[in-house]
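Below: the structure, in structure tokens.
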There are 2 protein chains.
Amino acid sequence: MSPRTAPTASRMSAEDRRQLVLDAATRAFARSGYAGTSTDAVAKEAGVSQPYVVRIFGTKLDLFLEVFTHATGRIAAAFQRVLAERPFDPDDDADWARLGDAYTELLADRDFLLVMMHGFTAGGTAEIGAAARAGMAGIFDVIRSTGCGDERAREFIAQGMLLNVMIAMQAPEHAQESASLTALITCAFGDTLPAVAAASTARQSG
Amino acid sequence: MSPRTAPTASRMSAEDRRQLVLDAATRAFARSGYAGTSTDAVAKEAGVSQPYVVRIFGTKLDLFLEVFTHATGRIAAAFQRVLAERPFDPDDDADWARLGDAYTELLADRDFLLVMMHGFTAGGTAEIGAAARAGMAGIFDVIRSTGCGDERAREFIAQGMLLNVMIAMQAPEHAQESASLTALITCAFGDTLPAVAAASTARQSG
DNA sequence: TTGACAGGTTATCACTTGATTACTTATGGT
DNA sequence: ACCATAAGTAATCAAGTGATAACCTGTCAA
């Protein structure tokens, strides 16, 4: 509810303010999805007036599309960065572990992952559906660019979808709720578990 | 007097009407999720008045929770039915194929899967989050009951999550949009592809 | 100094939404 | 036959929604 950045007394360049609102919108949409987030909620998060949010982005749909494509872009870029570091061998488990680390990095700020999932499930809105399919295809292509083959890429992404779903349902924060849930979390997050736990507690106290 | 309205439609027992509205709500929520679906949309889908929907279920949240738990229950039951048919050998690929067929069955009426995904991503609402975690844990337990081990169960569920996401973003209906998407769909749905295609066309033609 | 423009806000609107209240009318048991 | 009860609806409401219009004001070049 309270803006992460204090309301600036002074003015900003349009570009800076736009970026600030975009970040606020990412946090807001990550929380409650497209339909569940009002432009006023975004405005409050950004510390500006609601009409200004609309004026910057045109419509709420336009704003969400921009937030969503930015989020999927960042996610794809995180993987791409790992692949660019050094040659990737699809048969080397250590290289896949490096990709897993990229995911850990994304976990630190879950908002991109959450926005992505919200966009995926909002496919019933035509424009969002199109953006979702494009975003998914883009990420698929990044993974495939390793030369690992479609099957292996699919497996990697499927694993990611499970993790995203678990995060969306706040499973890490409620790991103790049932033994089954604990087992699933342990098994699904594996090595990345410490990072997940750290992000969870930070989230609950902040 | 005052016959300003058409004669009343036929009445039903409370139990029958309740089930009818529940089914309508499943379709409506499957389309647009929790936040994106009004109680009036549910009422129109069911052919009753909006206040009646509220009166039957108390609040919109209560209604969604009932729809969601019913959906996850049906999904778990579909898998359980396969396991009950005959002994399941986790090391036999044919047995896993039988579980895949259960998923194909679920694809025929995607609404349960879509409602489930909407519930998962609506975990930000406390009650829905709790129900989501319970639903996920329940399905995990059903798969684990085969004795296949946590890892194998996780893989199966992860694959399911990817399929659900693809369906939510209406990928099968737009398979031709890009070569990448086509490849991902082909690879992800595999044997179940014919069933998916059939359901897609049926859906598009009304 | 000034004035024009970019960076904002307040006021407002038409519409939607979830929920409450009060009312109407089939239906079945006696 | 009758009426209590259950099955529904119409009317209404306060709050919230996305969007528009009108207005204000810091900042900077000339």
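Lettering follows sequence order; numbering is per chain, from 1.
Across the protein-nucleic acid pair, Met12(A) atom CE and dC5(C) atom P stand 24 Å apart, rounded to whole Å. Atom CD1 of Ile56(B) and atom P of dG8(D) are 8 Å apart (whole Å). When the C1' atom of dT17(D) is taken as reference, atom CG of Leu63(A) falls 15 Å away, rounded to whole Å. Atom CG in Asp16(A) sits roughly 17 Å away from atom P in dA6(C) (whole-Å rounding). In this entry the distance linking CZ of Phe64(A) with P of dT17(D) reads 17 Å, nearest Å. When rounded to the nearest whole Å, the span between CG of Asp62(B) and P of dG18(C) equals 13 Å.
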In B/S/- notation (B base, S sugar-phosphate only, - none; protein heavy atoms under 4.0 Å), nucleotides 18-24 of chain D written 5' to 3' is BBB-B--
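Between Asp40(A) and Lys44(A), at least one side-chain N (NZ, or NE/NH1/NH2) sits under 4.0 Å from a carboxylate O, which counts as a salt bridge. We find that Lys60(A) and Glu66(A) are not joined by a salt bridge, their nearest charged nitrogen and carboxylate oxygen being 4.0 Å or further apart.
Expressed to the nearest 0.5 Å, how far CZ of Phe120(A) lies from CG of Asn164(B) amounts to 13.0 Å.
Under a cut-off of 6.0 angstrom, the local environment of CG in Asp16(B) is crowded, with over 12 non-hydrogen atoms contributed by other residues, nucleotides or ligands.
Within the 6.0 Å centre-distance limit, the rings of Phe79(B) and Phe156(B) are counted as a close aromatic pair.
Put simply, Tyr52(B) has a side-chain N or O that comes within less than 4.0 Å of OP1 or OP2 on dG8(D). Put simply, Arg17(B) has no side-chain N or O that comes within less than 4.0 Å of OP1 or OP2 on dA7(D).
Every side-chain hydrogen bond (donor to acceptor under 3.5 Å, both in side chains) that Asp62(B) has, sequence neighbours left out, goes to Thr59(B).
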